[in-house]
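Here the structure comes first, spelled out in structure tokens, and everything after it is commentary.
Reminder, nothing fancy here: chain letters follow the sequence lines and each chain counts from 1.
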2 protein chains.
Amino acid sequence: MANVVEQLKHLFMPKSVAVIGASRHPGKIGHEILRNLIEYGFEGKIYPINPTAEEILGLKVYPSILDVPDEVDLAVISIPAHKVPHVLEECGVKGVKTTAIISSGFGEIGNVELEREVLDIARKYGIRILGPNIIGVVYTPSKLNASFGPRDVVKGNIAFLSQSGALGIALMGWTITEEIGLSAVVSLGNKIDIDDADLLEFFYEDENTRVITIYMEGLRDGRKFMKVAAKVTKKKPVIVLKSGRSERGAKAAASHTGSLAGADRIFDAAFKQSGVLRAITFEDMFDWARALATQPPVRMNEAVIITNGGGAGVMATDAAEEYGVNLLEPSPKLIETFRKYMPEFGSPKNPVDLTGQADAKSYYGAVKAAFESEEVGAIIVLYCRTAVLDPMDMAKAVMDAVKDAKEEGYVKPIVVNLLGGEDTIKASKELNRKGIPSYPIPERAVKTLGAMIKWSKWAGYLK
Amino acid sequence: MANVVEQLKHLFMPKSVAVIGASRHPGKIGHEILRNLIEYGFEGKIYPINPTAEEILGLKVYPSILDVPDEVDLAVISIPAHKVPHVLEECGVKGVKTTAIISSGFGEIGNVELEREVLDIARKYGIRILGPNIIGVVYTPSKLNASFGPRDVVKGNIAFLSQSGALGIALMGWTITEEIGLSAVVSLGNKIDIDDADLLEFFYEDENTRVITIYMEGLRDGRKFMKVAAKVTKKKPVIVLKSGRSERGAKAAASHTGSLAGADRIFDAAFKQSGVLRAITFEDMFDWARALATQPPVRMNEAVIITNGGGAGVMATDAAEEYGVNLLEPSPKLIETFRKYMPEFGSPKNPVDLTGQADAKSYYGAVKAAFESEEVGAIIVLYCRTAVLDPMDMAKAVMDAVKDAKEEGYVKPIVVNLLGGEDTIKASKELNRKGIPSYPIPERAVKTLGAMIKWSKWAGYLK
């Protein structure tokens, strides 16, 4: 299996990339991929291939891959489906190591024979294939954006794999707007060669990736996936959004990608047995990924809620029960500590209600105390917009507490919710930028902690 | 009960408002309320009351309510709790009709006697009291913002009632950012007089309100609420977010507002029996309210999903099953109609997959066809960001289809999801502005339709 990892290095960290079907015309896929490659800053060599052009976007164009004077690690192929076999043969002769076949018109429209033909050629030459019928591949540590999706993918350590190209593009946009940092975007398409399990093997080893997220509609080889997943999830969280949960949804999935969706409860059981976190919506998937990519594991399921609004505290308490987050019964000593950071009518029990009078010092003090206390295993911080405390000051107080605690050796998972208008959204973004996961409603913060607890149990950090 | 409605007209549509405890100092509650009143454009008379000031924000100040030369419909009281009885006596002598007591320091900190004293005075003079311990009241048709929450509340026809002041302020901010149009914001606080049921009576009659949303932690008189709710919900949807669902949450709620939260399953059953829609999160509450406030009732639980992304279609299909949305089996005739708006490899069954090649014409055609078909009861439109179709063009196509269909007499509920980055968010906002509810993930659109179906059944539009 180490072999797969080595092979996939050519896909994610190529020294040179050829774009077969590079186009002069903006808007054409073969143009957009080339432009993304250049503008996202890929530092290796880029070879546009097109028999009828001499220069595109300032780069010299070669009529065929065989004319490229150098070695080619990765060939991105965006030409009509029926021409793919011929071009792949040329790639084989050239010694290309991996290909990403963008072209559609294969198994997804019933053209299974063409798929088989392509696969046979690949096997003959030992070329690995991503796709076909994909939007491309992105790997941010290499500054590689070989896709026709949005360009400015935010760097980070979440890998995102998508069986659906359309969703892949839409969600790339989503991650950019939400500033979710990605290590990779991989469009899987028809998965005739490279599949989810292969990619799991790669990201298992990849030190630029901490969390793996997958949008899945079906699997060809369920056993292989589950076996690899069971290994990978012990080291890194894997979050899967598998659609086709309902009978009718499964049917729709089958007609969409031709996947054998299979009975959903089999998937569900298999995910559980292999430690895969199953998300139902994209909101969940990226909410969880953001926290799992930045926070330490939960080593004690004893959470404390710190809030300036009683109502928000109650809602988080409800959610805690729902999502398996255990709320600490604080000791009298800890209660006395919390009491220091609130007016007389505050509540130092859990939820710790600093009241609407809470200022930055109250938040700093209470959060810091939670880090310092041996009783506390995880921290949930809530804030309702008040006139007393600007949301950005609240965010800074939390950042300072996290930073100072860390310097003193206290490391614990923390999730935040800021509830309010435009300026709370800004403060929330700032927290996220600093690696402190922050959400717009209390339930999403608590649900995320619930997912972290699930994974921490599975990976053995928590009994 | 008509009496309550008449009395509450003085609260929501006062001809004159006094602010008792008006302050010169920005940041003080008594200053912010006065400023909100002025700047939100209240067109009636405003009388600041303060014994030690002569002019605040350009308005003449009166030392006492008794010195005001005119009648006063509404007195907003923001002074220390122990001074409230004296001032309320003066209000009584003056003939003030309603008061909103902002001041805290009553039942919520155990000061029940003071509450009783205040209530006795109010009863003596026939004054109705909102509060105490509130952030104020907003009624957008009167341009009345008598609160110390955010100022620029967006006009619309959703009434929002909140037992928690902190959440009230935070959510006012939320509705502004999300452009959720409100008719009213009512902070209920300790509810010593005016309660949820009274307000339901008012909004039942109020022609500026189409949907009533309530954040609730507990009720003093559950029977009264449920009785009124059962009547109101037949005419207008009532959405309640009642926190304290879990045992521990209920305890936290009790310590927060002193509400007897009661066993949650009793509430749950009572909500069901009185046609109240129960939301678990604020996201749900405002998602549903937005659609119920703009869309016609569902008269046939036969929904069609129109999408340009197969994956999104599958996810919506899954959600449909989960949230009680029945998906139409389209007739051969309707299938043929849908087929006109897609390439050969599209899927004209439900979900109707226009494919990634869909342009504005495809969307317009398919959505219009869904409006025109007698088989279709509700329409779910999904869009994944593609290079082929700008999200704003997609939004316009949907708006045009809705408009043209309406002109031809076809009126059906529609919900939309646009998945992608910054520009899809903009297009989504534009749809919402035009009264077409649009959401960031497919599940939220479908869940909302599920809530509409629930209410439509209850109200007798749907069998």
Side-chain angles (χ1 to χ4, degrees), chain A residues 27 32 108-109 148 150 163-167 169-174 176-177 215 217 243-249 252-253 255-257 280-283 308-315 317-318 320-322 327 345 347 349 351 353 356 384-387 419-422 424-425 440-441 443, chain B residues 27 32 108-109 148 150 163-167 169-174 176-177 215 217 243-249 252-253 255-257 280-283 308-315 317-318 320-322 327 345 347 349 351 353 356 384-387 419-422 424-425 440-441 443:
Chain A
E32 297 306 319
E108 82 280 9
I109 59 159
F148 61 95
Q163 186 165 358
S164 158
L167 283 175
I169 290 184
L171 289 170
M172 281 170 76
W174 168 305
I176 292 169
T177 305
Y215 171 74
E217 295 185 349
S243 65
R245 283 177 291 132
S246 62
E247 205 179 310
R248 184 157 184 159
S255 94
H256 176 222
T257 39
I280 299 301
T281 69
F282 287 121
E283 244 172 38
N308 72 337
V314 175
M315 298 176 74
T317 303
D318 285 343
E321 188 166 290
E322 196 164 346
L327 294 184
F345 61 94
S347 171
K349 290 182 189 171
D353 186 355
C384 292
R385 180 72 171 99
T386 64
L419 199 61
E422 206 56 43
T424 59
I425 293 172
I441 54 171
E443 289 82 1
Chain B
E32 298 305 320
E108 82 279 8
I109 58 159
F148 62 94
Q163 186 166 0
S164 159
L167 283 176
I169 289 183
L171 289 171
M172 281 170 78
W174 169 304
I176 292 170
T177 304
Y215 172 73
E217 294 185 349
S243 65
R245 282 177 291 133
S246 62
E247 205 179 310
R248 184 154 185 163
S255 95
H256 176 223
T257 37
I280 299 301
T281 71
F282 287 121
E283 246 172 37
N308 70 338
V314 176
M315 299 176 74
T317 303
D318 286 343
E321 187 167 291
E322 195 163 346
L327 294 183
F345 60 95
S347 172
K349 290 182 191 170
D353 186 355
C384 292
R385 180 73 170 99
T386 65
L419 198 62
E422 206 57 43
T424 58
I425 293 172
I441 54 171
E443 290 81 1

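Only the side chain of B/I425 comes within less than 4.5 Å of a heavy atom in chain A; its backbone stays farther off. Using a 4.5 Å cut-off between heavy atoms, B/E422 contacts chain A through both its backbone and its side chain. For chain A, no part of B/P150 is nearby; none of its heavy atoms comes within less than 4.5 Å. In this structure, the portions of B/L419 lying under 4.5 Å from any heavy atom of chain A include both its backbone and its side chain.
Taking chain A as the reference chain and counting heavy-atom pairs below 4.5 Å, the highest number among B/G249, B/S246, B/G421 is found for B/S246. Counting heavy-atom pairs closer than 4.5 Å to chain A, the top-ranked of the candidates B/G313, B/A170, B/P351, B/G27 is B/A170. Top candidate by heavy-atom pairs under 4.5 Å with chain A, chosen from B/M172, B/M315, B/K349, is B/M315. Between chain B and the residues A/E247, A/E321, A/E32, the largest count of heavy-atom pairs under 4.5 Å involves A/E321. Each of B/T386, B/N308, B/L327 has some count of heavy-atom pairs under 4.5 Å with chain A, and the biggest count is that of B/L327.
We find that A/R245 and B/E322 are joined by a salt bridge, their nearest charged nitrogen and carboxylate oxygen being less than 4.0 Å apart.
Interatomic distance, A/R385 CZ to B/I169 CD1, rounded to the nearest 0.5 Å: 9.0 Å. Note: A/D318 CG to B/T281 OG1 = 12.0 Å, rounded to the nearest 0.5 Å. With values rounded to the nearest 0.5 angstrom, A/I441 atom CD1 is found 9.0 Å from B/F282 atom CZ.
Nearest heavy atom pair, residue B/C384 against residue A/A166, reads CB-O, 3.8 Å. Nearest heavy-atom pair, B/E283 versus A/P440, reported as atom, atom and distance to 0.1 Å: OE2-CG, 4.4 Å.
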